[in-house]
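Quick note on labels: first sequence line is chain A, next is B, and so on, each numbered from 1.
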There are 2 protein chains.
Amino acid sequence: MDRARGALAQRSKRITIHEVAEDAGVSKTSVSRYLGEERKLLSETLQTRIEASIARLGFRPDRIASSLRGRRTRLIGMVVADITNPYTVMMMHGVETACRRLGYTLVVCNTDRDTELERKHLEVLRAYSVEGLVINTLGQERETLQQLVEEGLPIVLVDRQVEGIDVLTVGLDNRQAIRLGLDHLAECGFEEVLYVTEPLAGISSRRERVEAFETQIQARSGQLTGALLTLDGDHQDQALISRLERLLRESTAPAVFCANAPVTLRVCQALDRLGALKDIGLIAIDEQDWSALVAGGITTLAQPTDAIGEAAMTALVQGGHDGGGEPSHRVFPATLKPRGSTTARAKPMHSNA
Amino acid sequence: MDRARGALAQRSKRITIHEVAEDAGVSKTSVSRYLGEERKLLSETLQTRIEASIARLGFRPDRIASSLRGRRTRLIGMVVADITNPYTVMMMHGVETACRRLGYTLVVCNTDRDTELERKHLEVLRAYSVEGLVINTLGQERETLQQLVEEGLPIVLVDRQVEGIDVLTVGLDNRQAIRLGLDHLAECGFEEVLYVTEPLAGISSRRERVEAFETQIQARSGQLTGALLTLDGDHQDQALISRLERLLRESTAPAVFCANAPVTLRVCQALDRLGALKDIGLIAIDEQDWSALVAGGITTLAQPTDAIGEAAMTALVQGGHDGGGEPSHRVFPATLKPRGSTTARAKPMHSNA
DNA sequence: CCGCGATCTGAAATCGTTACCAGGAAGGCC
DNA sequence: GGCCTTCCTGGTAACGATTTCAGATCGCGG
């Protein structure tokens, strides 16, 4: 009948706890108790009477009112840098599952890699009094984050940490992942490895991976040589293409190590344009659903994304105060998924030529 | 100091409108007016004094309280069937962008294709008094939806509609998409088309596509023959593999038409296992970021996902009451992206053999 | 000089729920 | 029987904002 006319719904007149109380002939308090944790305080009689009234009237408690007085919103905020990144989606999925299990509702905000937007989203989430925050930060909003921390809002940083912000962190064991990858490349007989990454831009996981790569390449100086290529913002990738061309020309056993899923995509596109998808070793951090289909199957270092997401939530509710003072930094190991892009190439193939 | 001890944050003592009012030497009413639409009612003097106090105290209005008494939560709920589906993610992105533009916050819930979960999520969103709902429904919860509609909650169904539920709908023009695809296949010289879909399960878009396919195959009976394969729930896909094998064996110019992104993935995996990724025509609804990389580039029928998402939100705020009584069903056309999987095969190739 | 509209301000009620505190009934113990 | 505990129940005041309505101030015409 009176549907919203040209505007969205306003909080409509609902059945309230008051009316239920009246109908059941009990006090509001009892109804409230019935709804909450204190149901066990009520006698059988009251419980059944209230239950009946609720059913008869079709009463549904109002979470907004409950949040206001009760000081619990049962809302968790999540801010992600790029919702189109498969890693992000998988990880969100883990967080979401955990939220459901724990009775929280998740509010997801996407910053589209825009730091200004990150700040705005954080402010909105704060305004809604979320009880905790899972953030995949761009790392530029230290001020804002610091403020939230000081207010005592539980925060977990995923994949990336921010210098000077002392909060729980969950992410990949980047050193282990890089080591695993390089071990594998060496085993397969590759000699020269090009590590391709997006601009570091103060993002800790990117930096850690690069550092691990450089350190470990040095440690294997007899076996592997390494080089680094940073992609720029525009997606022209002309530089990438010529770099790959040169690598293919100059090295006898070349391989590319992709720092994450978006990089992998761009590298594959570049190799595809060169018609060289199967002529070079390829290993990538992040498993994607198409990993097995391209370049004879891309060898990946899979992140346990579900576990990471769940761990983020777990860390949040536990508050990380297991006694120790320092907030914990939990890391998860990557799993190697060997595929054709490394196992079917390199030394053997090249020694044939 | 008093960080949450082992539990999430409770709504903390904040600066309230009351304290701002006191500090500025005005009434709560004036501060409230300053924050809302009625700022223009205030004199310059008051405005500057209030502004100063807000800044000095670091006051931030509490949206929860505001939602309770005012009757606007500025929350939009979104329920999606499968957050790992790239179509879903892209579309979410459109909705999110529109929300931001319109000053709403989006609460996303994923049902993981579980209809029971869909009901629960809808109930939670209702409990938070969202002002509108964007739903990518599984179609089983007619009852629940009907109830929400009757309560006057603005709802937009995306991609799928539900029989008997009279709400706004936004989605792909499935007939046009199928026609475009079949035209293209015919042009490329393919003769036998296998349409692969997930179980219809009462999902309108799946049904519409199948129906369009069958109708239009009939209309081209001289040119094309068609067949239908419905994938089952388990991801074994043994049936798919043998069906493809047979198709490759028996037809001189075979092609596969994938109903959506998840199907495309499974078909590609099956073809890959057969080593036949490049031996068959392939066209798919839904553009994915790896579309260009597999099978010489998969020809796709891209959905304008961003536009669909934005349209959903627009429809929501406009309430679809442009005068007419009937809620509108907006459809968007697909765009053909021809790639190697159709342009580099079929007739010519096979006539060579 | 009074009255009246226009403009600005504030006091109090209110949204639907939970927290706090007090009170009554039942049962056990001296 | 009196008193203290334990268990259950209800009244009332918040929570932090918005809304309603009434009052104050000012200017200006009659």
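Residue-level contact check: B:S32 touches the bases, meaning some heavy atom is under 4.0 Å from a base atom. Residue B:L68 is in base contact, counting any heavy-atom pair closer than 4.0 Å across all strands shown. Using a 4.0 Å heavy-atom distance criterion, A:V26 is classed as a sugar-phosphate-only contact. Residue contacts for B:F59: at a heavy-atom cut-off of 4.0 Å it reaches the sugar-phosphate backbone alone, with no base atom in range. Residue A:L46 is in sugar-phosphate contact alone, with no base atom involved, counting any heavy-atom pair closer than 4.0 Å across all strands shown. Using a 4.0 Å heavy-atom cutoff across all strands shown, B:R63 reaches no nucleic acid atom at all.
In this structure, A:S43 reaches the D:dT9 phosphate: one of its side-chain N or O atoms is under 4.0 Å from OP1 or OP2. Using a 4.0 Å cut-off, some side-chain N or O of A:S27 falls inside it from OP1 or OP2 of D:dG10. Contact annotation: A:S30 side-chain N/O to D:dG10 OP1/OP2 distance is under 4.0 Å. Contact annotation: B:T16 does not reach the phosphate of D:dG16 (side-chain N/O to OP1 or OP2, under 4.0 Å).
Between A:R60 and B:K28, the residue whose closest nucleotide on DNA chain C is further toward the 5' end is B:K28.
Extent of DNA chain C lying under 4.0 Å from chain B heavy atoms, first and last nucleotide in 5' to 3' order, is C:dC8 to C:dG16.
Between the CG atom of B:L42 and the P atom of D:dT18 there is a distance of 12 Å, given to the nearest Å. As rounded to whole Å, 13 Å separates atom C1' of D:dT19 from atom CG of B:L41. In this structure, B:I15 atom CD1 and D:dA17 atom P are separated by 10 Å, rounded to whole Å. In this structure, A:R69 atom CZ and D:dA17 atom C1' are separated by 15 Å, rounded to whole Å. At whole-Å resolution of the value, NE2 in B:H18 and C1' in D:dA14 are 13 Å apart. Put simply, CZ on B:R74 is 15 Å from C1' on D:dA17, counting in whole angstrom units.
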Taking it one step at a time, do B:T137 and B:I165 satisfy side-chain contact (heavy atoms from CB on, under 4.5 Å)?
CA-CA 12 Å; B:T137 183; B:I165 304 286; over 6 Å; no
With salt bridge (charged side-chain N to carboxylate O under 4.0 Å, His left out) as the test, would you mind laying out the steps for B:K120 and B:E123 before giving the verdict?
CA-CA 5 Å; B:K120 281 192 185 150; B:E123 243 151 51; over 6 Å; no
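For the 3.5 Å distance criterion, the side chains of A:R14 and B:S129 qualify, holding a donor opposite an acceptor. A:Q146 and A:E150 form a side-chain donor-acceptor contact under 3.5 Å, judged by distance and modelled atom types alone. B:Q147 and B:E143 share no donor-acceptor pair across their side chains, judged by distance under 3.5 Å alone.
Contact of A:T29 with D:dG11 (side chain to base): a donor-acceptor pair of N or O atoms is detected under 3.5 Å.
The number of heavy atoms from other shown groups lying within 6.0 Å of CZ (A:R330) does not exceed 12.
For B:V124, the side chain to side chain contact (heavy atoms under 4.5 Å, CB included) partners two or more places apart in sequence, or in a different chain, are A:R63, A:T105, B:Y128.
Closest heavy-atom contact between B:G77 and B:L125: CA-CD1, 4.0 Å.
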